[in-house]
Each structure stands twice: as structure tokens, then as C-alpha cells.
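This report concerns only the one structure given below.
As the structure is a prediction and not an experimental result, all values here were calculated from the model.
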Amino acid sequence: MTTRALVAMALRFLREYVRASDLAVAAAVLFACSAARSRLSSRPGEPMLWPVVGIIPTLFAHLAAGDVYDWGAAVLLGRSRGTFAYRGTWGGGSSGVVTSVPANVEHVLKANFDNYPKGPYYRERFAELLGGGIFNADGDSWRAQRKAASAEMHSARFVQFSAGTVERLVRRELLPLLEALSGRGGPESAAAAVDLQDVLLRFAFDNICAAAFGVEAGCLADGLRDVPFARAFERATELSLTRFYTPPFVWKSKRLLGVGSERALVEAARAVRKFAERTVADRRAELRKVGDLAGRFDLLSRLMSSPPPAGYSDEFLRDFCISFILAGRDTSSVALTWFFWLLASHPHVEARVLDDVARGGGDVSAMDYLHAALTESMRLYPPVPVDFKEALEDDVLPDGTLVRARQRVIYYTYAMGRDKATWGPDCLEFRPERWLSKSGAFAGGAESPYKYVVFNAGPRLCVGKRFAYTQMKMAAAAVLARFRVEVLPGQERHELGHPLPAAAADAGED
């Protein structure tokens with residue numbers, strides 16, 4: 001009997017003897033048995049891994065409820081003992097472990113660094129926006145960009161330039177804007193409602209564009225006007241992030257067909273890249289005309305003025321600067337938003353910060369308590385709550401957890417900052433004093449970076465850490481010296497913005 005005849009016989013049997021209801025019952029029984037097996041094989045306290053869809057239903061339920069970070073922290077710091085396995089939908093290529101164990105984090109970020117790059121899973125999802133930029137690169141490409149970034153950002157010229165840029169932006173744009181906004185309630189109003197998170201996001205975007213490109217984005221100007229480049233950047237970032245929680249066969253099909261969100265992503269990313277390319281081309285023309293860019297100290301100009309023997313290509317410069325903007329845009333604004341939110345509910349801390357600002361006399365480097373308060377707020381509400389790396393080869397973490405090749409190790413920064421074993425029984429309290437020495441000086445440098453991975457750690461430790469602190473301290477000191485920030489009733493903490501888990505990615509590293 002031929003194969004075709006056997007297939008025909010089987011189909012005829014199914015039509016005659018098997019009903020749709022029978023198939024539905026069988027599928028339901030199979031699903032229930034598979035779910036029970038998954039539940040029984042997992043450790044108590046670990047999330048349910050459903051057949052076919054894995055952890056996705058549980059994750060989406062908590063995303064919808066707005067408590068996904070607290071849920072993850074409760075799981076990790078409860079009976080799962082700091083680490084649990086996960087997987088996504090079948091065929092989605094997403095599986096691995098989630099951990100909040102500092103030893104595991106140190107193993108991934110330092111001890112076995114070469115085995116844990118960002119990997120193709122990450123790079124593919126940000127390809128349109130970041131190209132081969134530092135935050136989307138691994139291996140030799142990343143090392144070359146890291147070296148260039150470190151040399152320029154740690155130079156005295158850039159430190160002085162970036163501090164001056166922040167100071168001018170705060171004095172000329174941020175404070176006048178807040179004064180105008182605070183007066184919108186009328187001359188007899190004691191206060192006015194302001195979307196501070198939006199204002200701080202615009203401030204961070206303007207500052208990062210000035211530092212990276214040497215251009216004025218103008219997001220704070222003219223009554224919070226619409227800025228096409230900023231809008232395109234926001235759109236491209238959001239759409240890139242949707243790829244992390246959309247099944248690959250869905251977004252890749254849409255990309256192939258050029259429809260829906262994938263078409264919108266291509267258009268937004270194209271607008272961002274055109275702006276960057278035009279800026280690079282204009283700066284090249286200026287260099288050819290003038291002969292040097294000695295009067296410019298932004299990253300683009302410094303990289304263009306101090307090339308390696310072969311010279312940096314325009315594509316390299318474009319991708320590098322776009323990556324730098326992504327790194328500094330959301331993180332500082334989110335950190336400052338949580339900082340002001342925490343101060344509003346801790347008046348004793350606010351009083352000490354105000355005293356520190358007054359005694360500092362405008363010198364933010366002398367404001368140790370402000371530095372400690374910002375550090376403490378990021379411990380409780382890290383701008384990048386979750387980050388991950390992808391294993392190249394099979395590995396075993398220090399706590400005995402097996403990681404297979406191409407699986408991801410997700411380290412949960414939000415949970416790590418709330419671990420009693422690390423921070424003591426008062427770990428949920430906002431207490432900046434934990435970062436100070438007995439003399440009142442900031443002593444956070446003595447803390448292990450693998451317990452406080454807000455700025456990442458190891459070879460990918462954030463090269464912009466100093467830049468970020470300077471920006472935040474200048475903005476916070478100026479605002480607090482002139483305004484009292486109060487939180488309107490109903491503004492619960494889940495309404496404030498955290499980047500999505502996938503955004504992790506970059507903000508605090510490289």
C-alpha cells in the first residue's frame with residue numbers, strides 16, 4: 001500500500017469516527033496533564049510554566065495589574081531562593097533563568113563575562129534603531145566602541161563641557177519652564193499641576209543630544225513644543241521594545257510584509273537615522289571647511305577629531321551617538337521622577353537634602369547627602385529594573401543552576417535592591433544614610449557593584465555613570481532650591497514610569 005493510500009485511509013477514518021468534540025476533549029486533557037506535570041516538577045513558589053505559552057499568561061496578568069516588578073521580587077525573594085527557570089511560547093526561542101543572587105550576577109557580568117554577551121536575541125530586536133552601535137554590539141566591535149567612549153567621556157574636556165551644558169540647560173530652559181508652568185493656575189494659586197515626568201524626560205533628551213551631537217533638540221523650548229526627532233526616537237524605542245514580548249513569528253511576519261507596527265518602526269527608525277546622518281554630514285563639512293573642531297567638545301566632534309588610523313566611518317559615528325542617546329534619555333528622567341516622588345513622602349529626607357544643597361553653594365560635587373539620596377532612590381526604583389545576557393555555551397551558576405547554551409540569564413535589579421539578606425531588615429525603607437560614612441561623606445563606593453547593579457558592573461560598567469550623577473544632581477538641586485514638589489492624590493507609584501523589562505538593556509551599561 002502506498003503512502004498516499006495510507007494517508008487517505010487515515011483521513012477517512014478521522015472523518016467517520018472522530019468528532020471535533022473528541023479532539024477538543026483530548027486536547028483539554030493533554031493540556032491539563034501537561035500543566036499538572038509542570039506544576040509538580042517545579043519548586044514551591046516558582047511561577048507556573050503553562051503548556052505551549054510558558055510564563056507568558058502570568059507575566060501579562062501582572063503587567064496588566066501594574067505590579068510585575070513587585071511580583072517578580074516576591075517570587076525571587078520568597079520560596080524560590082533567588083533563582084527560578086522560565087520559558088516563553090513554544091517556538092519563541094525564549095528560555096533561561098531569572099536570578100537576584102549577587103554571586104550569580106558577578107559570575108555572569110565578570111567571572112565568565114565572555115560566555116554572556118548580549119547575544120543575537122537582543123541585537124535583532126534593536127537592529128533598525130541602533131544598528132551596530134555600542135549598546136547593540138558584542139565582541140571586538142563592542143570593545144572598540146567602549147574604548148573610544150571611555151577615552152572621550154572620562155577626558156577633562158568632556159567632563160567640563162557636559163557639566164557646563166547641564167548648568168546652562170537647567171538655568172536657561174528647565175527653571176524658566178517650571179516657573180511658567182507653576183504660574184498657570186493663576187496669580188492666586190499656591191501650586192499648579194505639572195507632569196514632571198514629561199518635563200524631566202524632555203530635559204534629559206535635550207541634554208543628551210547636546211552631549212552626544214552638540215545640537216539643541218529644543219524639547220523644553222516654546223511651551224513643550226513637538227520635536228519631530230524626539231517624537232521619532234520615542235516611537236522607534238517603543239516599537240523596538242514590543243518585539244521582546246511579541247512572538248517572533250508575529251513580528252517577523254509583519255516585518256517581512258511591511259505592515260502594522262513593523263512598518264511604523266522602520267519609518268520612525270529611518271527618521272532618527274536621517275537626523276543623525278545629517279548631523280554627521282554637517283559636522284564633516286565643518287571639519288573640512290575649518291580644518292579642526294577644536295572648539296567643540298561633544299562626543300561626535302571629539303570622535304571625529306581624534307580618529308584611529310583608519311578613521312571612524314560615518315555609519316560608526318551615527319550608530320554610536322544614537323546608542324548614547326538611548327542610554328541616557330529614559331534612565332536619568334525616570335530616576336529623577338522616583339527621587340522627587342520619594343522626597344514628597346519623606347519630608348525628613350527632603351529637609352536634609354535642602355540643607356545639603358544650601359551648604360553646597362552650587363557645587364554639586366560637595367553635596368554628599370543629595371548623592372546618597374539619589375543612590376538610595378535608585379536602589380528602590382532602579383531605572384533599569386531587569387537586564388539579561390545570553391549564554392554562548394552551557395554553564396553552571398554559583399548557586400548550582402544549570403544554564404544551557406542560547407538561554408538567557410535575567411538578573412532582577414529591582415528585587416536585588418529589596419533583599420533583606422543584602423540590605424538588612426529595613427531594606428524597604430528610603431534611608432540615604434546607609435550610603436554615608438560616620439563623617440557624613442558618601443561611602444557608596446565601598447559597596448559591591450554586584451549587589452547594586454543599577455549602573456551594571458564588570459567590563460560593561462556604565463561609562464556614563466559620572467555624567468548621569470552630574471546631570472541628576474544639578475537638576476535636583478536647582479529644582480528643590482526653588483520649588484516644593486508634591487504628589488497629587490491618586491498618583492500611585494504604578495502610574496509612574498519604569499522602562500519595560502526589555503529596555504533594560506542598555507540604559508545602565510557599556
Side-chain angles (χ1 to χ4, degrees), residues 129-131 133-135 145-174 201-222 225 227-234 236 271-308 311-333 463-464 466-468 470-472 474-475 510:
L129 177 60
L130 300 182
I134 185 172
F135 296 111
Q145 295 186 62
R146 169 84 184 192
K147 182 178 180 181
S150 183
E152 295 301 335
M153 291 194 69
H154 294 160
S155 68
R157 291 181 301 182
F158 180 79
V159 171
Q160 183 178 11
F161 162 75
S162 58
T165 298
V166 179
E167 184 181 8
R168 287 191 297 274
L169 187 61
V170 168
R171 186 177 68 252
R172 298 177 184 177
E173 300 289 346
L174 180 61
L201 180 64
R202 289 169 174 268
F203 163 73
F205 193 86
D206 278 359
N207 187 46
I208 206 72
C209 282
F213 283 128
V215 299
E216 295 182 4
C219 293
L220 291 174
D222 302 328
R225 65 186 177 92
V227 178
F229 174 60
R231 178 167 25 90
F233 202 99
E234 173 83 18
V272 171
R273 293 163 85 87
K274 280 186 176 180
F275 176 89
E277 288 166 355
R278 185 168 62 250
T279 303
V280 171
D282 290 346
R283 199 64 48 83
R284 285 282 191 203
E286 181 181 343
L287 178 60
R288 287 193 295 268
K289 180 179 180 181
V290 179
D292 65 62
L293 298 172
R296 289 184 175 272
F297 300 103
D298 56 275
L299 282 179
L300 173 61
S301 296
R302 299 327 309 156
L303 289 171
M304 195 175 287
S305 298
S306 305
Y312 292 119
S313 69
D314 287 358
E315 182 181 3
F316 173 96
L317 295 170
R318 176 200 67 195
D319 291 346
F320 183 94
C321 290
I322 290 174
S323 290
F324 187 75
I325 292 174
L326 178 66
R329 173 181 170 273
D330 283 320
T331 49
S332 295
S333 61
V463 293
R466 182 177 180 180
F467 172 86
T470 299
Q471 175 183 235
M472 291 189 293
M474 284 188 171
D510 288 316

Close side-chain approach of Phe297 to Arg157, heavy-atom, < 4.5 Å:
yes
What is the minimum heavy-atom distance between Val227 and Gly218, and which atoms define it?
CG2-O, 3.8 Å
Would Phe203 and Val170 count as a side-chain contact (heavy atoms from CB on, under 4.5 Å) if you check the C-alpha gap in whole Å, the side-chain angles of each, and the deciding distance to 0.1 Å?
CA-CA 8 Å; Phe203 163 73; Val170 168; 3.7 Å; yes
Minimal non-hydrogen separation, Phe275 against Val215, with atom names
CZ-CG2, 4.1 Å
Applying salt bridge (charged side-chain N to carboxylate O under 4.0 Å, His left out), which residue pairs with at least one partner in residues 201-216 are found, sequence neighbours left out?
Asp198-Arg202
Could you tell me whether the side chain of Leu317 reaches within less than 4.5 Å of the side chain of Arg284, counting heavy atoms only?
yes
Between Phe233 and Ile322, what is the shortest heavy-atom contact and its length?
CZ-O, 3.8 Å
Pairwise distance OG1(Thr470) to CD(Glu167) - rounded to 0.5 angstrom:
11.5 Å
Below 4.0 angstrom, N of the basic side chain to O of the carboxylate: do Glu277 and Lys274 qualify?
no
If you measure from CG on Asn207 to OG on Ser333, what distance do you get to the nearest 0.5 Å?
11.5 Å
Please answer whether the main-chain N or O of Leu293 pairs with a side-chain N or O of Arg302 as donor and acceptor at a distance below 3.5 Å.
yes
Is it the case that the side chain of Ser150 and the backbone of Lys147 share a donor-acceptor pair, with hydrogens and angles ignored and the cut-off at 3.5 Å?
no
Do Ser301 and Met304 come within less than 4.5 Å of each other through their side chains, counting heavy atoms only?
no
With heavy-atom distances below 4.5 Å as the criterion, would you say the side chains of Val280 and Phe316 are in contact?
no
Do you know the tightest heavy-atom contact between Asp330 and Leu201?
OD1-CD1, 3.5 Å
Between the CG atom in Leu130 and the CD1 atom in Ile325, the distance rounded to the nearest 0.5 Å is 10.5 Å
For Leu300 and Cys321, the nearest pair of non-hydrogen atoms, with its separation, is CB-SG, 3.9 Å
I'd like to know if the side chain of Arg296 reaches the main chain of Ser305, judged simply by a donor and an acceptor atom lying under 3.5 Å from each other, with no hydrogens or angles considered.
no
Side chains of Arg273 and Asp319, heavy atoms from C-beta outward: is any pair under 4.5 Å?
yes
Between Phe229 and Phe213, how do the two ring planes meet: parallel, tilted or perpendicular, split at 30° and 60°?
perpendicular
Working to the nearest 0.5 angstrom, can you tell me the gap between Gln471 CD and Ile208 CD1?
6.0 Å
Minimum heavy-atom separation for Leu299 and Met153, please, with both atom names.
CD2-CG, 3.9 Å
Closer than 3.5 angstrom, by distance alone: can the side chain of Thr165 be matched with the main-chain N or O of Phe161 as a donor-acceptor pair?
yes
